[in-house]
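Just below is one structure, and these are the notes that go with it.
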Number of protein chains: 2
Amino acid sequence: MVYRPPVAVLERRAELRECLVAQATAIVAREGWAGLTVTAAAAAAGISAGALYKHFPSKASLAREVFNRAAGKEVDVLAGALADSSSPDVVSRLGHGVATFAWRAVRGRQLAYSLLVEPVEPGIADARLALRRRYRDVFAAVIAEGMARGEMLDSQVPEISAGALTGAVAEVLVGPLSAPVSGPAAELVIGQAIAIALRCAGVTESAPIHDHRRRP
Amino acid sequence: MVYRPPVAVLERRAELRECLVAQATAIVAREGWAGLTVTAAAAAAGISAGALYKHFPSKASLAREVFNRAAGKEVDVLAGALADSSSPDVVSRLGHGVATFAWRAVRGRQLAYSLLVEPVEPGIADARLALRRRYRDVFAAVIAEGMARGEMLDSQVPEISAGALTGAVAEVLVGPLSAPVSGPAAELVIGQAIAIALRCAGVTESAPIHDHRRRP
DNA sequence: TGAAGGCGCGAATCGTGGTTCACTTGTTGT
DNA sequence: ACAACAAGTGAACCACGATTCGCGCCTTCA
């Protein structure tokens, strides 16, 4: 009990930790998990590889924190868009949510790929699982609501359709075949993605299809 | 010119090479690419790691051959199912193709995952890309035909819908959230997958939906 | 002022998995 | 019988990235 670091030091320490997470996230968003080495993350934050272990017990721990923060933010944004009550009908809300998801995936393509698709080290596999489950559940809830209101096909299983929807949109936007898109091409692809998502969800009438697209 | 191996030796050599490919494929089908080490593949074929290099210049070369053979077979089977002219209407053919794809994915789950989703070493990335492109093109051709015949929504872009269809089905069947299924559960999931695929493809009328399911 | 820690450094260590290499064994052609 | 050569062995080598460790430096508390 002879040493109790003062607030300033604690703050600096916390700041450095934040910096590590931020830089690591930036690396993943730029190069994917493959680019996230202890050396690279530490260097980006201006410290040596060894010093990183004063802040995280292992690389896996750092990676988990990076993943969970980014993933949490993504799901929150999506959930927010899906809950947006400005348009009461479920179909519009779903379209709005998919549009949000799609635009974010296109703009942060590598990050979206890293979160959703890229293989990760064993230590994060469960986090990946949790993320996908959250995505699925969030979409599934909307689909279930749509079914209850008769706006969507009722012979479907919401969880399965929700999974398919996620897979379809992800494949179109960040799948290995989809080149990075921007500008008018992005609007076309995203428009198609939204239409496909609505079909996946079994939207019954030939949808009104407003402009779900949300520009950045 | 003093040594010309006799036919028997050449045969044995070719046989061993085949054995290596077969064993390596079995390993991938069982444990995924992560399990495919030079040592393991060589041991499975009954030789040492060093000897493997008398048959393949590198591990990447072996892996490529494993990938290309398995992938080629899968696409061929799918293309065959889609071309099956026993049912003339495009929608039935598509359903039949998806059912084939789905059953194969469920029965050879790890292999399907390894071919479609699991990250691979750089040396096979292009082969993966080619496989997905072939899947997409094969489905896109059917969708284009359906559009031409007025059986499918004509505001779609066949290549995009085909990609989405592949992503959706893959996600439902071998995605990280889908537990291995078998028996009645498999029939339910596959039935849903087929229905979703048809919706993705923009099948217009509320499809007749025969029994597309093909039991093993 | 000095003992006690925390922090950071950077070199050493470790583990893993692909690749190489000198050597043995067995077979072919003269 | 012998030179030439392929297949196979198994140990050594190598690259890479995570992790550890001993050492200064600096700050806090008595």
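Everything quoted here is computed from the prediction, not taken from an experiment. A note on names: the letters A, B, ... follow the listed sequences, proteins ahead of strands, and every chain is numbered from 1.
Interatomic distance, CZ of B/Phe56 versus CZ of B/Arg17, reported as 4.0 Å (0.5 Å rounding). For the atom pair CZ of B/Arg199 and CD1 of B/Ile194, the computed distance is 12.0 Å after rounding to the nearest 0.5 Å. Distance check, rounded to the nearest 0.5 Å: CD of B/Glu118 to CH2 of B/Trp33 gives 8.0 Å.
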Nucleic acid footprint by protein, nucleotides 8-22 of chain D - heavy-atom cut-off 4.0 Å, B for base, S for sugar-phosphate alone: BBB-------SBB--

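In this structure, A/Met152 and A/Glu145 have side chains that are not in contact, with every pair of non-hydrogen atoms separated by 4.5 Å or more.
Scored by the side chain to side chain contact (heavy atoms under 4.5 Å, CB included) test, B/Ala125 finds no partners at all (sequence neighbours excluded).
Not a single donor-acceptor pair under 3.5 Å links the side chain of B/Arg136 to the backbone N or O of B/Ala162. When atom types are taken as modelled, the side chain of B/Ser178 and the backbone of B/Leu173 share a donor-acceptor pair closer than 3.5 angstrom. For A/Lys59 (side chain) and A/Leu36 (main-chain N/O), a donor-acceptor pair under 3.5 Å exists by modelled atom type.
The nearest whole Å value for the distance from the CZ atom in A/Arg17 to the P atom in C/dG8 is 13 Å. Between the CH2 atom of B/Trp33 and the C1' atom of C/dG18 there is a distance of 16 Å, given to the nearest Å. One atom, CZ of A/Arg12, and another, C1' of C/dG8, lie 13 Å apart when rounded to the nearest Å. We find that CG of A/Leu20 is positioned 13 Å from P of C/dC7, with the value rounded to whole Å.
Counting only Watson-Crick and G-U wobble pairs whose two distances sit under 3.5 Å, DNA chain D takes part in these stems of three or more pairs: C:1-30 with D:1-30.
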